[in-house]
2 protein chains.
Amino acid sequence: MKSKREIIKDCAARLFRKKGYKATSMRDIAQEVGMEAASLYNHISSKQEIFQELLLNMARLFTEGMEEIDGSSHKSIIKLEKLISMHVRFAIEHTDSISLITNEWVHLDEEPLREFTSLRDQYEKQFENIIKQCIEDGDFSPVDPEIALFSILSTLRWLYSWYSKQKNINPVELEKEMIHCLVDGLRNK
Amino acid sequence: MKSKREIIKDCAARLFRKKGYKATSMRDIAQEVGMEAASLYNHISSKQEIFQELLLNMARLFTEGMEEIDGSSHKSIIKLEKLISMHVRFAIEHTDSISLITNEWVHLDEEPLREFTSLRDQYEKQFENIIKQCIEDGDFSPVDPEIALFSILSTLRWLYSWYSKQKNINPVELEKEMIHCLVDGLRNK
DNA sequence: ACAAATAACTAACAACTGTTAGTTTAAGAA
DNA sequence: TTCTTAAACTAACAGTTGTTAGTTATTTGT
């Protein structure tokens, strides 16, 4: 059974997503949970704290996933497909906290912000290297890797918002179409 | 010469982009402009007002552009290229207010929010139709038009954030690469 | 130069923010 | 039962928010 702390974090994530971090008050969260704002502090120690946890947990999930995929011995183009599949999975499993990564990270306090951007930069760098490798392998036509990275990443980052609008879409099907759309376009013919 | 009202709107846009609508106070804006918060009200009538103007002006620019392109007699695939070129141009010319369209529109009051989402939905519908037409024309392979739309649009919507990070990129070059990345991938081989 | 209008200022408002202190209730162990 | 602990409550804090009122300074047209 879920701890109260986690219930609070879930509610907060949902509200942060819907109204944004700044526009969500502790009283809003309290109401959603079903208690008074002050009572929240029996379980958490600040608004920033849960926000940081939501964001950095998610960022670390991505980092771990990347580490595992990039560390594998697959061909780069397979790594890329696995990355896409991971993004699709996360977008479905963690719709709320994933939205914070794309939109709300600016509201992190100084130190966690540094950690976050560092994780993020590292992630992007590894992602770009995989794309470069795809080109060197001759699997991709010689596109600008930075632009390809940007194009792929922005699509993947908005997945969550789009997925929650579509009702009748099969996750497996979505993943397949996604790979088709993002990878096959760059393929060498 | 720029009116004070427009200076205020420019500063506001810059701050809204950097810190978000809710996190930007009238005192923040005032400081940026170089006057007291109360003095702003000699030129504007509320925080929401300038926010709405920034957002809806931008939305209307897109609608007009779409109307012009879609109303032309070009082949659909040419229309698509023109749309991409428009997005690139806007992302460069209006970096600040364009960011609001992707991120901050949630903070619109009820009625302008309705207008905004209506414009947006209409825009997306026309965009999707052009993609469908590309498929019917045989210029695109038979992808899921909804997924293609989503993929292209999310890339185009994040252009601004990415463009402001890159220093040494030629707009013309960017546009060419963009079209290559987004369109050529879907092309029938 | 003088009147009128424009745009800056200071001070203050009511509402709301995150958070703390202190108190009461409920639950579990002895 | 009684003692202890966890978790809810109410009340209030100090700071910030958007905005208004009232006043002073500056610019403009005659």
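Here is how names work: the chains are called A, B, and so on, in the same order as the sequence lines, proteins then strands, and each is numbered from 1.
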I'd like to know if [X] and [Y] make a salt bridge, using a cut-off of under 4.0 Å between side-chain N and carboxylate O.
X: B:Arg5; Y: B:Glu53; value: yes
X: A:Arg157; Y: A:Glu124; value: yes
X: A:Asp28; Y: A:Lys19; value: yes

Whole-Å gap separating [atom2] ([N]) and [atom1] ([X]):
X: A:Leu40; N: D:dA7; atom1: CG; atom2: P; result: 13 Å
X: B:Ile8; N: C:dA7; atom1: CD1; atom2: C1'; result: 10 Å
X: B:His107; N: D:dG18; atom1: NE2; atom2: C1'; result: 15 Å
X: A:Met35; N: D:dA8; atom1: CE; atom2: P; result: 4 Å

Atom pairs, N/O to N/O, protein against nucleotides 22-27 of chain D, distance under 3.5 Å?
none

Using atom types as modelled and distance alone, determine if a side-chain donor or acceptor of A:Lys79 lies under 3.5 Å from a backbone N or O of A:Ile69.
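No; judged by distance alone, with no hydrogens or angles, the pair does not exist.
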For B:Tyr21, is there any backbone N or O sitting under 3.5 Å from a side-chain donor or acceptor partner on B:Lys47?
yes
Closer than 4.0 Å, any side-chain N/O of B:Ser39 to the OP1 or OP2 of C:dC9?
yes
Closer than 4.0 Å, any side-chain N/O of A:His43 to the OP1 or OP2 of D:dA8?
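Yes, such a contact exists.
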Which atom pair, heavy atoms only, marks the closest approach of B:Phe62 to B:Met86?
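Between these two residues, the closest heavy atoms are CD2-CE, 3.7 Å.
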A:Phe51 and A:Phe16 aromatic ring geometry - parallel, tilted or perpendicular at 30°/60° bounds:
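A:Phe16 vs A:Phe51 ring planes: perpendicular.
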Taking atom CD of B:Gln48 as the centre, report whether more than 12 heavy atoms of other residues, nucleotides or ligands fall under 6.0 Å from it.
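For B:Gln48, atom CD is crowded (more than 12 foreign heavy atoms under 6.0 Å).
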Where along nucleotides 16-28 of chain C does protein come under 4.0 Å, by heavy atom, of base (B) or sugar-phosphate alone (S), with - for untouched nucleotides?
-BBBB--------
Kindly indicate whether the side chain of A:Asn42 and the base of D:dA8 share any N or O donor-acceptor pair separated by less than 3.5 Å?
yes
